[in-house]
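Only one structure is covered here, and it is reproduced in the block below.
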Amino acid sequence: MSELLEYILSHEDAFRKNRLPSLYSDFAIQKNTNPDGYAVNVAAWEKALVDAARNGRIASSTGFGRGSTGGRKKRDHLVLSADDNLLRDLKIPEWGKPVALGSVFDEAIQKRSMVPVQLYKSSSYSLNSSRWRVIDPGALNPWNMMNWGLRQLKGLLVGPDNAATSPKFQVQKLVLVDNLKEAANRIVKQALSGTSSRLDLIYSKEKFFNDFGTVLDAETELSDADFDVLLLYLSRDINAIAYDGKTIKFRSADDTSPITQQDTTIASMKTLIANLSKQVANLERKISELNAAAIAALNNKNKVSALSALRSKKLAEKNLKHRLDTLAQLEEVYSKIEQAADQVEIVRVMEASTGVLRGLHAQVGGIEKVEDVVEELREEMSKVDEMGNILNEAGPVIDETEIDDELEALENQQRREKEVKEAEATRKKLAELDSVEQAAKEAAARRLPPETNNMNPPEAEESALLAESIGKLSNMSLEDTAEASSRKDKEQLLQAE
């Protein structure tokens, strides 16, 4: 089973086992008898192929014209090669090759989700233009036009051809429009969001391939065919870059300038710095490996191999020093160029700002006009203050003495009401104390001993008073003492009133 087929069967819900007979059958006969089923099968195949291409599951048909980086494989993400290799990769032993794949591509071309590569490159219209039409210029030659006329005549005389078969599968390369737009949007966003200088927007073709090769899938790179249609879309259809075949410059919102010789030089310098950095990293890794090899040879008592490794190490160190010196010089020059470019941009902004300020000052009318306006404003403000003073004088005059007397009367009234409330509370507490005292006397009388019956009245009365005093002392508490004291104070207050 091919990698493409394995991905489709494991990731596409429409390719369930019970759906495979329908998807691999000649479902073109359903276009008229069962249009819904026909549309479902076409959409399932189109989505499966587009998703598989986006995730790098379709092998590149252009070979390895450009070297891969990081050990990643180059795959077709934006271009689909409809050929025998594709049919072979989609073949299932049980059901064979997809018979109706030609119908899928025809429907996709009609709705412009897939576009023939040659047609896209030769078209002068953007994909977003409503005037864009899927017309192959090669189809307008006299021979094809004569064949078309004969087919039309045959339909009138004999009747239409049997439409119950799929269109013939044509070998062609198709641009996957959705993948193309997604890749372009990601690249533009990545390029413009990480810029700190105008020089960051300039790329050589090689550096552009290296920086944006994995924009859709981190494990695979865009193929050469992908980059061809991608650069065309970015430069012609959405005008996001300026491209002259070697140098690429991303356009900002207000930048419509073409690529200059300065841009080409800057792009070449950036590419050279990147290549030297890779060489330095490789030499450092090689020196480390040679050093380890020399140590291993000494441990194995192999002096000849150790000397050979050390000689290679010395040559690598010499080359490394040369590369580092060259890299330092280039980085210094690039830094100066970047500084000069920033200065040019700063001067340009300052000139524009000067023009803006000059225009605003012209609208204001100069310093003298500003002074006149400020003076008039002060006069008007002083008039407002004068009118306010006049209005305040016309208001009613209030006697402050009457207000003070009224305030004092209110305070005296509140004080008398408070004293009346306190006196009433005192009377209630005194009444409670009297009732408690009377109850204590009665209790003391009940507790007299029997022997008091034989005493004469003075002795009995004295004994009763003594018992009463003892009862009071036994029932007295701190709270009673406090209440007695408060009672005495309040009695004195009542006598004073």
Side-chain angles (χ1 to χ4, degrees), residues 65-67 69 78 120-124 126 180 183-215 221-281 322-355:
R66 174 179 58 86
T69 58
L78 313 180
Y120 177 67
K121 290 183 177 180
S122 63
S123 176
S124 59
S126 169
L180 175 61
N185 291 335
R186 290 188 184 184
I187 288 175
V188 172
K189 183 178 180 180
Q190 179 179 340
L192 297 180
S193 62
T195 58
S196 59
S197 173
R198 189 178 66 86
L199 273 62
D200 295 335
L201 300 176
I202 302 173
Y203 293 81
S204 65
K205 194 172 182 179
E206 178 183 354
K207 184 169 176 57
F208 183 86
F209 286 177
N210 292 334
D211 288 357
F212 302 111
T214 58
V215 67
E221 294 183 0
L222 298 180
S223 65
D224 295 344
D226 290 340
F227 275 111
D228 288 343
V229 297
L230 179 61
L231 290 173
L232 183 61
Y233 178 76
L234 289 171
S235 59
R236 185 191 67 186
D237 293 352
I238 63 175
N239 199 27
I241 64 172
Y243 175 55
D244 63 354
K246 296 186 301 181
T247 306
I248 300 162
K249 181 173 69 173
F250 284 88
R251 299 182 185 273
S252 56
D254 56 347
D255 182 18
T256 58
S257 60
I259 293 176
T260 62
Q261 183 60 38
Q262 294 178 353
D263 297 332
T264 303
T265 303
I266 291 171
S268 300
M269 183 172 290
K270 290 175 66 176
T271 302
L272 183 57
I273 290 175
N275 292 335
L276 283 176
S277 299
K278 292 180 181 178
Q279 294 177 16
V280 167
H322 179 69
R323 297 292 191 279
L324 288 174
D325 292 341
T326 304
L327 182 59
Q329 292 176 359
L330 288 175
E331 288 178 344
E332 183 179 1
V333 174
Y334 182 80
S335 176
K336 295 298 182 182
I337 294 175
E338 188 174 20
Q339 183 179 357
D342 291 340
Q343 290 173 352
V344 170
E345 191 68 22
I346 292 172
V347 172
R348 184 182 296 114
V349 172
M350 292 177 67
E351 289 178 351
S353 301
T354 302

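For the numbers below, each heavy atom of this structure counts, side chains included, while hydrogens, waters and symmetry mates do not.
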Side-chain heavy-atom pair [X], [Y] within 4.5 angstrom cut-off:
{"X": "Thr264", "Y": "Asp244", "answer": "yes"}
{"X": "Leu234", "Y": "Val188", "answer": "yes"}
{"X": "Met269", "Y": "Val333", "answer": "yes"}
{"X": "Leu231", "Y": "Lys205", "answer": "yes"}
{"X": "Thr271", "Y": "Phe208", "answer": "no"}

Minimum heavy-atom distance [X]-[Y], with the two atoms named:
{"X": "Ala184", "Y": "Ile238", "result": "CB-CD1, 4.4 Å"}
{"X": "Ser204", "Y": "Ala267", "result": "N-CB, 3.6 Å"}
{"X": "Ala242", "Y": "Ile259", "result": "O-CD1, 3.1 Å"}

- Message: Does Glu331, at its CD atom, have more than 12 non-hydrogen atoms belonging to other residues, nucleotides or ligands within less than 6.0 Å?
- Response: yes

Any donor-acceptor pair under 3.5 Å linking the side chain of [X] with the backbone of [Y]?
{"X": "Thr247", "Y": "Tyr243", "answer": "no"}
{"X": "Lys270", "Y": "Ile202", "answer": "yes"}
{"X": "Arg251", "Y": "Pro258", "answer": "no"}
{"X": "Arg186", "Y": "Val215", "answer": "yes"}
{"X": "Asp226", "Y": "Ser223", "answer": "yes"}

Point-to-point distance, once rounded to the nearest 0.5 Å, from [atom1] of [X] to [atom2] of [Y]:
{"X": "Phe212", "Y": "Leu222", "atom1": "CZ", "atom2": "CG", "answer": "11.0 Å"}
{"X": "Phe250", "Y": "Leu192", "atom1": "CZ", "atom2": "CG", "answer": "7.0 Å"}
{"X": "Asp263", "Y": "Ile266", "atom1": "CG", "atom2": "CD1", "answer": "6.0 Å"}
{"X": "Leu230", "Y": "Asp224", "atom1": "CG", "atom2": "CG", "answer": "12.0 Å"}
{"X": "Leu272", "Y": "Gln279", "atom1": "CG", "atom2": "CD", "answer": "8.5 Å"}
{"X": "Leu327", "Y": "Glu332", "atom1": "CG", "atom2": "CD", "answer": "12.0 Å"}

- Message: Could you walk me through whether Tyr120 and Arg236 satisfy the side-chain contact (heavy atoms from CB on, under 4.5 Å) test, starting with their C-alpha distance in whole Å, then the side-chain angles of each, then the deciding distance to 0.1 Å, before giving a yes or no?
- Response: CA-CA 11 Å; Tyr120 177 67; Arg236 185 191 67 186; 3.2 Å; yes

- Answer yes if the side chains of Lys249 and Tyr203 hold a donor-acceptor pair under 3.5 Å, and no otherwise. no

- Query: In terms of side-chain heavy atoms, does Tyr233 have a donor or acceptor partner in Asp228 at a distance below 3.5 Å?
  - Reply: no

- Message: Pair Glu345, Arg348 - check salt bridge (charged side-chain N to carboxylate O under 4.0 Å, His left out), show working.
- Response: CA-CA 5 Å; Glu345 191 68 22; Arg348 184 182 296 114; 2.6 Å; yes

- Item | Test log, rule side-chain contact (heavy atoms from CB on, under 4.5 Å), inputs Asn275 and Glu206 | CA-CA 10 Å; Asn275 292 335; Glu206 178 183 354; 3.6 Å; yes

